[in-house]
Amino acid sequence: MAIAFLSAERSKDPNRQVGACLVSENGIILGIGYNGFPRGCSDDKLPWAKKSRSGDPLETKYPYVCHAEVNAILNTNHASAAGQRLYVTMFPCNECAKIIIQSGVSEVIYFVEKKLNDSNVAYIASHKLLSLAGVKVRKHQPQMDKILLKFEEP
């Protein structure tokens, strides 16, 4: 999970940085990802807004952002995601759930989940899809509350 959090730091999203880390059953890191725009699409030429002032959904980030889960699966070191675990800092939406299922990921370990209510259809659908597909889902229970990285010579 720490690698997912570290990866999330690379996101330029001003509202929420999400990171993901695909790990083999032997604990080998296979791929990492964070939420951001597709390769070759400038962060300065697309909107980061959650809501549009004019009501135009094309003035928000949602039609453009690639989610961390998808990026972790696509950024693998050519290993298959089948049977592997995906650590993610935020519970996946329904679109990511579909890709998680199709790629063969066997378990999703998440850190935080958006509050579920009637308006969060994407997350209700995600729970349903993952359950129907037999993908294990569990909330991460950290063993420590922080990790300190020092960049200095010994």
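Atoms considered below: every heavy atom in the structure, side chains included; atoms not considered: hydrogens, waters and symmetry mates.
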Exercise. Can you list the steps and then say if E69 with I99 is a side chain to side chain contact (heavy atoms under 4.5 Å, CB included)?
Worked result: CA-CA 9 Å; E69 302 91 327; I99 292 167; over 6 Å; no
For this session: Check which hydrophobic residues are tied to L58 through side-chain heavy-atom contacts below 4.5 Å, counting indirect links as well, and list them.
Result: F37, L46, W48, Y64, V65
Problem set entry | Test item: T60 side-chain N/O and P57 main-chain N/O as donor-acceptor pair under 3.5 Å | yes
Exercise. Should L22 and I3 be regarded as members of a common hydrophobic cluster, given that ILVMFWY residues are connected when their side-chain heavy atoms come within less than 4.5 Å of each other, either directly or indirectly?
Worked result: no
For this session: Evaluate the side-chain proximity of M1 to I109: yes if any heavy-atom separation is below 4.5 Å, no if none is.
Result: yes
For this session: Taking the side chain as every heavy atom from C-beta outward, state whether Y62 and K50 have any atom pair closer than 4.5 Å.
Result: yes
Problem set entry | Heavy atoms of other groups near K139 NZ, more than 12 under 6.0 Å | yes
For this session: Would you confirm whether E107, through its side chain, and Q84, through its main-chain N or O, come within 3.5 Å as a donor-acceptor pair?
Result: no
For this session: Report whether L130 and V23 are members of the same hydrophobic cluster (ILVMFWY, side-chain heavy atoms less than 4.5 Å apart, transitive linking).
Result: yes
Problem set entry | Within one Ile-Leu-Val-Met-Phe-Trp-Tyr cluster: Y110 and Y34, side-chain cutoff 4.5 Å | no
Seminar exercise, completed: Taking every heavy atom of L129 against every heavy atom of N94, the minimum-distance pair comes out as CD1-O, 4.0 Å
Exercise. Would you say V112 and I100 are hydrophobically clustered, going by side-chain heavy atoms of ILVMFWY under 4.5 Å?
Worked result: yes
Problem set entry | Residue list, side chain to side chain donor-acceptor pair (under 3.5 Å) with E59, at least two apart or on another chain | S52, S54
Exercise. Under 3.5 Å, side chain of T89 to main-chain N/O of G19, donor-acceptor pair present?
Worked result: yes
Exercise. Rounded to the nearest 0.5 Å, how far does CD of Q141 lie from CZ of F111?
Worked result: 9.0 Å
Exercise. Is there a path from Y87 to I32 through hydrophobic residues (I, L, V, M, F, W, Y) whose side chains come within less than 4.5 Å of each other?
Worked result: no
Exercise. About how many Å separate CG of N120 and OG of S126, when rounded to the nearest 0.5 Å?
Worked result: 11.0 Å
Exercise. Which atom pair, heavy atoms only, marks the closest approach of G33 to S7?
Worked result: O-OG, 2.8 Å
Seminar exercise, completed: CZ (R10) and CG (N71) are apart, to the nearest 0.5 Å, by 11.0 Å
Seminar exercise, completed: For C21 and A72 the tightest heavy-atom approach is N-CB, 4.4 Å
Exercise. What closest approach, in Å, do D13 and K61 show between heavy atoms, and which atom pair accounts for it?
Worked result: OD2-NZ, 2.7 Å
Problem set entry | From CA spacing to verdict: side chain to side chain contact (heavy atoms under 4.5 Å, CB included), H67, E95 | CA-CA 9 Å; H67 287 184; E95 293 300 322; 5.9 Å; no
Exercise. Shortest non-hydrogen contact from S106 to G83?
Worked result: OG-O, 3.1 Å
For this session: Starting at NZ of K51, measure out to CG of N15 and round the result to the nearest 0.5 Å.
Result: 11.0 Å
